[in-house]
Amino acid sequence: MRKSIFIAAGLFLSISTQAQLLDILKSTVKDKTGIDLNNPQATKGSTATTANTATTTTTPTSTSTKTSPLNVGNLTSTQISSGLKEALSVGVTDGVKKLALTDGFLKNEAVKILMPEKLRKVDMTLRSVGLGSLADEGVKLLNRAAEDAVTEAAPIFTNAITSMTITDAKNILLGNNNAATSYLQNKTQSQLFTAFQPKVKASLGKVGADAVWKNLISKYNTFTGQSVTTDLNEYVTTETINGVFKMVADKESGIRNTPAMRTTSILQKVFGAQDANR
């Protein structure tokens, strides 16, 4: 009997010890993981709720920070198109007007037409024999011809600007600093060359550049015993066109980056939207 009591007591103590150990284990698990082994279902629900809450919170944040590349605020397609056309018109009008003035090319180092590269040796030779003034006169008259011919650009540019589509306008608005100028160049380059060539040829004769250059080349050939020729018409035509686009690009960059240069309400509205997308 006594032996049975000792065995029963031993079993009781063993069970009690195991129960204590189990309680300690459950407590440790709950502290470390937050999982209640006494009520795992409730814990699972709590975890799911937490996960759902996290998902709900994360999703709208992700959506709100995603920006469309064509997000231009409340602007309509018509406003975007009008703003870009006005910016180009301002750039063309301002650029052509400045270049068409006396010294518009000659005194502007960014667009000044220099001696053709193949004739640089002509320039050096003439200066070496005291005919520097003749070389200077030749360069001056190349620029005078460009100043006279550049007004031909205006109607060609106007036609290209008018034909701009809504898609063109949106792409240009969110493009780089000279996106509008590049568009204009792609649309008008060949037309400008065709229109400019006869005008430049007439201008070269009008300002006396053809006669001066004939004399200049003749003297060089006499001094060197060589026979140099060059197509001044093609050269001046190309350089005139390059000068126009340089001026338009400068104006476009100014409007894009300098709010003070946005002189009309539509320019302020459209390019203000562009600022927000940068």
Side-chain angles (χ1 to χ4, degrees), residues 60-101 103-105 107-112 146-147 150-193 195-196 238-278:
T61 302
S62 175
T63 302
S64 64
T65 56
K66 184 178 181 181
T67 304
S68 166
L70 289 178
N71 179 14
V72 286
N74 297 320
L75 293 179
T76 66
S77 295
T78 301
Q79 287 174 320
I80 294 171
S81 179
S82 297
L84 264 296
K85 288 178 179 180
E86 184 160 324
L88 278 173
S89 295
V90 168
V92 167
T93 302
D94 188 62
V96 170
K97 186 183 296 184
K98 287 179 179 177
L99 291 175
L101 295 172
D103 291 333
F105 273 88
K107 296 294 178 68
N108 183 340
E109 292 301 321
V111 298
K112 180 180 179 180
E147 292 157 9
V150 73
T151 53
E152 293 293 307
I156 297 172
F157 281 143
T158 298
N159 183 58
I161 293 168
T162 302
S163 65
M164 182 189 294
T165 67
I166 297 297
T167 301
D168 289 333
K170 284 184 176 180
N171 291 337
I172 290 168
L173 178 61
L174 299 178
N176 56 33
N177 273 353
N178 64 348
T181 305
S182 295
Y183 163 83
L184 206 57
Q185 195 162 7
N186 290 334
K187 290 284 186 180
T188 63
Q189 184 86 31
S190 59
Q191 288 177 274
L192 285 171
F193 196 88
F196 268 36
T238 300
E239 291 300 297
T240 303
I241 293 171
N242 290 342
V244 172
F245 284 124
K246 176 68 172 64
M247 296 294 284
V248 175
D250 286 349
K251 192 70 174 182
E252 178 188 358
S253 179
I255 291 173
R256 284 184 183 274
N257 298 300
T258 310
M261 293 183 67
R262 302 166 190 170
T263 54
T264 67
S265 60
I266 190 66
L267 288 179
Q268 291 163 5
K269 184 176 292 186
V270 170
F271 286 96
Q274 167 222 255
D275 294 342
N277 277 272
R278 288 186 169 182

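These figures come from a predicted structure and were not determined experimentally.
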Answer yes or no: is there a donor N or O on one side and an acceptor on the other, between the side chain of [X] and the main chain of [Y], under 3.5 Å?
| X | Y | answer |
| --- | --- | --- |
| R262 | K269 | no |
| E252 | A87 | no |
| E147 | G104 | yes |
| N257 | S253 | yes |

How close do [X] and [Y] get, heavy atom to heavy atom, and via which atoms?
| X | Y | answer |
| --- | --- | --- |
| R256 | A179 | NH2-CB, 3.8 Å |
| G91 | K251 | CA-CG, 3.4 Å |
| K85 | I161 | CE-O, 3.4 Å |
| A160 | L184 | CB-CD1, 3.8 Å |
| S81 | A169 | CA-CB, 3.7 Å |
| F196 | E152 | CE1-CB, 3.6 Å |

For a 4.5 angstrom cut-off between non-hydrogen side-chain atoms, does [X] reach [Y]?
| X | Y | answer |
| --- | --- | --- |
| L88 | F157 | no |
| I166 | K170 | yes |
| M164 | I172 | yes |

Which is it for N108 and M247 under the side-chain contact (heavy atoms from CB on, under 4.5 Å) test, yes or no, and what are the steps along the way?
CA-CA 10 Å; N108 183 340; M247 296 294 284; 3.6 Å; yes
Spatial distance of atom CZ (F245) from atom OG1 (T240) [nearest 0.5 Å]
12.0 Å
Using 0.5 Å steps for rounding, measure from the NZ atom of K246 to the CG atom of L99.
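It is 10.5 Å, given to the nearest 0.5 Å.
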